[in-house]
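Below, chains carry the letters A, B, ... as their sequence lines are ordered, and counting in each starts from 1.
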Amino acid sequence: MTADLSVTIGAITLKAPIMPASGTFGLGYGRVFDLNRLGALVPKTITLSPREGHPPPRLTEEAGGLMNAIGIPSVGVEAAIHDVFSRYKAFEPPLVVSISGDTVEEFGALTARLDGVADALEVNLSCPNLEAGGQAFALDPDATERAVAACRRATRLPLWCKLAPHAGRPQEVAKAAEAAGGDALILANTLLAYAVDEAGAPRLANRTGGLSGRPVKPVALRLVDEAARAVAIPLIGCGGVFTLRDVLDYFCAGASAVAVGTATFHRATTMVGLIDALDHHCTTKGVAVADLVARRPS
Amino acid sequence: MTADLSVTIGAITLKAPIMPASGTFGLGYGRVFDLNRLGALVPKTITLSPREGHPPPRLTEEAGGLMNAIGIPSVGVEAAIHDVFSRYKAFEPPLVVSISGDTVEEFGALTARLDGVADALEVNLSCPNLEAGGQAFALDPDATERAVAACRRATRLPLWCKLAPHAGRPQEVAKAAEAAGGDALILANTLLAYAVDEAGAPRLANRTGGLSGRPVKPVALRLVDEAARAVAIPLIGCGGVFTLRDVLDYFCAGASAVAVGTATFHRATTMVGLIDALDHHCTTKGVAVADLVARRPS
Amino acid sequence: MDHGTVFAGTVSVQTAAHADGLVLLELEAPPQFQTAKAGQFVMLASERADMPLLPRPFSILSVGTTLSLGFAVVGEGTRVLAKAQAGDDLYLMGPLGTVYAPDARPVLIVADASHFGTPLGLARALAGEATVVFVTRPSDQRPCPYDDAVTAAHQDAAALALFAETGASVETVALDGLKACLEGQAPGTVCAGASDPVMAVLQQVAEAKGWPGEVSLQAPMACAVGACEVCIRPTRDGRWLKVCEGPVVPLQTPRFQP
Amino acid sequence: MDHGTVFAGTVSVQTAAHADGLVLLELEAPPQFQTAKAGQFVMLASERADMPLLPRPFSILSVGTTLSLGFAVVGEGTRVLAKAQAGDDLYLMGPLGTVYAPDARPVLIVADASHFGTPLGLARALAGEATVVFVTRPSDQRPCPYDDAVTAAHQDAAALALFAETGASVETVALDGLKACLEGQAPGTVCAGASDPVMAVLQQVAEAKGWPGEVSLQAPMACAVGACEVCIRPTRDGRWLKVCEGPVVPLQTPRFQP
Ligand SMILES: Cc1cc2nc3c(=O)[nH]c(=O)nc-3n(C[C@H](O)[C@H](O)[C@H](O)COP(=O)(O)OP(=O)(O)OC[C@H]3O[C@@H](n4cnc5c(N)ncnc54)[C@H](O)[C@@H]3O)c2cc1C
Ligand SMILES: Cc1cc2nc3c(=O)[nH]c(=O)nc-3n(C[C@H](O)[C@H](O)[C@H](O)COP(=O)(O)OP(=O)(O)OC[C@H]3O[C@@H](n4cnc5c(N)ncnc54)[C@H](O)[C@@H]3O)c2cc1C
Ligand SMILES: Cc1cc2nc3c(=O)[nH]c(=O)nc-3n(C[C@H](O)[C@H](O)[C@H](O)COP(=O)(O)O)c2cc1C
Ligand SMILES: Cc1cc2nc3c(=O)[nH]c(=O)nc-3n(C[C@H](O)[C@H](O)[C@H](O)COP(=O)(O)O)c2cc1C
Ligand code: FES
Ligand code: FES
């Protein structure tokens, strides 16, 4: 490594602008590549209490991407702290814990419990808000504002708010997350989708699922572009990052870093491959990654 | 042709459940295949007054699909009636005219002018509502209801309401269109997206554009599935129809017919190829197309 | 952490042989595979543009100078992988997963063509010191959606031949004769890998007889390293297990659909 | 309507020749092509999985027992199409578009390698009865993003050779010498097809001299039959024209970027 690949996301400096997307990463990848090279470590979203998630089938290949309905199975925050996050402490990159709640109150309680455990929290706002008929928090500016505010009251940790790509008014949602004290936005989660098998039955046990991978990149890139003009906080691009070109596209649209999910399933070493490619790109051009980031977030 | 491929969409019977998606079709295709085989003829969306559309580049290939920002160039309704629609009268399939307005009033005026000209109207609700800060009508149930109601007051023609795939509450929008007098829903228009070139500049002159083709099929299929459980009127699937499998998937999800856009650019004879394949499928199985349609719309 | 114990990258195909809907590949074996054992698996993908997004899991049949894999063509991924020819590069990730560890002899291996890889790996490792009960399918089944000429009888025969080559003594039986056939055996350990209906019968007999045993499971996978929770299968006590954290698990743990 | 006058389907490649970043294909010629003329074009796509979604437009160079096409490798679509070999099937749609109709002699053809197809088609049709002014590019330009070994000089030479084969008298000139070169000509009609800077010079000279003429345009296309309004180019009087409803239009109509 010769180039300076570091970027800052609010109060946190990442040694490289590449990190895993929540739900697609675990320490098991440590047997395949050096986890210490990543910008951050992001385990799967956890909830306050244990929950099962959806029955299988949980995944299908659609439209050149993936569709998943895992359903956030979770051991609950206590078990996660003792059995899972403790093992992340052996690694250098910041631990970004992704959290999800059924209610605003749950978001607040989870955050309070994780204060002092994580280096930052990823607030997964794409989960159903049980107080609003199951509509995802991130589809509505008010629900987003309330959930993020509850987290903000419970911690001084950086809050990275992960939004949904099918929000009708994404700029309003982005502004609500910022106004409530969000320190960064992750754009975006999966796109709600449906697939049937030859017999006409849903391919996923949960009926609908979230589309990820190449098909969602143009949509996530649009969200980054729109948010870049709506808020001042840093943005993390997420959706269909496979190649160096994808990373650079997100930088140009206004992101300071990217998260990689589906591409890691495709080729396990995608993230370190991207870091190498970025290093080579920066070295060849004689620039630092921070110079490639088109937008200077405050 | 041996099987019965006909389907009914409200008061209209289509000889086959395959029709073009607005904006991707014109009589020029009559030099390539027999237009009389199609279920309906759907010219490009028109507006009340002439307008230019967006400057080029207007199209780019992204994520295995297309992204376009044509911007609804239009000769205006008067010229369209005299110079364009008159030539459609030489063909057998019903003429479905797609209309778009900047305001609720414009929708009403356009509809009134087309009464007696078209066999049905496709109400393109994905266009910006200038009375609501430019947010597309179809992103909001109220705006949808007002626009469709204005059309309903102006005509007894069937109104096919074309919705947007990134509505946060698609079932509410679908219900609003039905409540206001919509006779069918077309699900859906393109997904708002963004793409940049190697230099980081937008690939489309309009900056953002609409994603179509294979990447949007799982999303449009989800909208059909959701609408099938929210409204009683017939549904027309639109998004990424390339193969017989895609057509059957839309039938299983609840659609009575499909519209084909991007696939016609890929292979000009896609629509007649699908009609042949459907004919073969029905003949082999000894069924009519109406038997394949999983849902019985009222 | 022991990063680097799992290889992920491209390797070249040394030989590719096709017969009756089965494909046998000998691949360049990266150093990480020198200590790989029967039961373990790899994720494999073609670099062709028509390969689906996800690599597919396949059992390690044996490792010598080359890494030996074998698969049945059953869907889009295996259809594209079957195009591999000597000299092509394939994406390979592995070795992954747990191993069979039969600790009492004689070893009874129960297998079928739908799931022949893991048990074949064990049969090869035991170099003949095992009895294989191979469950055949109705001979007119068409297991390969892309090639109607391939019957279950063809594929069964091809898989059987591979077991026979290991020197094991092989008995064949149809599903409806399986119970009786098993009840005539007296294994020290049972090691199985077969479709659910076969496993349901075996589980019942083994439980009744008190035979210890292990089974290798299958499920669609994405990460193959325990991260995504895609590859889950139900257990008899109402939990879920991740197949990639197996695939070899105690015989009585999983719940099978009869 | 005259459906069936435009062919759309697959045809087989008879021969494929590659040289210096140019590819020449001879394709099976469907009956619809028997009356095709210089200026008209086709949409062409590979059936390979790595071909981009849209077919690409190429000029008809000539039609005999085969349909003759030629193209420069400049991007993803032409890169994949360049893999075509004799015996492969390609998707073909055509003939499309308008023709050159020079009605006064002598005919002056102005061309460059970036746009050689349509003018070459005309040069072949005139069987030598034309003067070609061929505008060369800076020799170290790299026109092919996929092959750095291909220089503009290579490609220019290859295109020039194709014009020379028609029997036309060919003059070469660089862009900065074009104006002077043109002013020395005395054509009855000018037929052109070249990049914008070349066209801007030609348009100016032809206007000053009062030469009548035609130009073939290029733009990315989707439908190629006037339906999608993707292929627009600006006119000098502030309108837009659809290139697929050309591509041959009056020389003074379009607006070119100098
Ligand atoms: C640990 C492990 C080891 C395996 N070893 C072998 C082996 O040595 N030889 C071999 O031929 N096969 C083996 N399999 C099964 C093999 O992975 C599947 O046959 C393959 O993934 C199917 O891919 P496809 O794209 O061709 O089919 P798809 O189109 O993906 O599916 C075809 C059918 O197979 C089912 N299927 C898909 N993926 C899997 C899966 N991973 N496991 C079980 N069923 C699946 C689908 O539900 C469908 O019914 C193994 C699977 C696992 C999990
Ligand atoms: C009527 C017509 C006739 C043509 N005849 C020939 C011919 O005989 N021989 C030949 O080599 N080329 C011809 N072209 C140009 C040819 O179509 C483009 O070079 C080709 O589409 C590029 O495809 P690509 O995927 O390789 O490049 P892309 O990756 O699509 O683009 C590479 C570059 O070419 C530009 N480009 C893309 N499509 C077009 C286009 N249709 N026209 C102009 N520029 C484009 C892009 O903006 C980009 O700068 C013709 C174009 C038209 C419209
Ligand atoms: C199998 C799978 C599981 C996921 N689980 C979660 C999750 O638990 N929490 C979350 O915020 N996002 C989850 N996601 C979404 C990803 O984090 C990411 O936002 C999305 O996949 C888009 O990125 P990609 O195209 O790189 O995969 C999941 C995605 C996949 C494919
Ligand atoms: C070039 C282009 C132009 C379009 N113009 C219109 C339009 O004028 N009105 C409209 O309602 N939809 C328009 N659409 C959207 C299509 O009608 C269709 O909803 C969308 O492309 C999804 O279908 P597909 O995946 O089959 O293309 C256009 C799409 C494309 C690609
Ligand atoms: S495949 Fe991801 S947990 Fe097993
Ligand atoms: S390419 Fe569609 S109008 Fe010309």
Can you give me the closest heavy-atom contact between [X] and [Y], atom names plus distance?
| X | Y | value |
| --- | --- | --- |
| R222(B) | L192(A) | NE-O, 2.8 Å |
| L221(A) | Y194(B) | CD2-O, 3.4 Å |
| G168(B) | L139(A) | O-CD1, 3.4 Å |

Under 4.5 Å from any heavy atom of chain A, what part of [X] do you find: side chain, backbone, both or neither?
| X | result |
| --- | --- |
| L211(B) | side chain |
| D140(B) | neither |
| A294(B) | neither |
| E198(B) | both |

Of Q135(A), E62(A), M67(A), the largest count of non-hydrogen pairs under 4.5 angstrom with chain B goes to Q135(A)
Self-check item: Beyond-backbone contact of R207(A) with D225(B), side-chain heavy atoms, under 4.5 angstrom
Solution: yes
- Query: Is it true that atom CZ of R203(B) has more than 12 heavy atoms of other residues, nucleotides or ligands lying nearer than 6.0 Å?
  - Reply: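 Yes - once you tally the heavy atoms of other residues, nucleotides and ligands closer than 6.0 Å, there are more than 12.
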**Request:** Could you go through the side chain to side chain contact (heavy atoms under 4.5 Å, CB included) check for L191(A) and L191(B) one step at a time?
**Result:** CA-CA 11 Å; L191(A) 204 43; L191(B) 203 43; 3.7 Å; yes
Among residues 213-220 of chain B, residues within the sub-4.5 Å heavy-atom range of chain A, in order of number, are R214(B), P215(B), P218(B), V219(B)
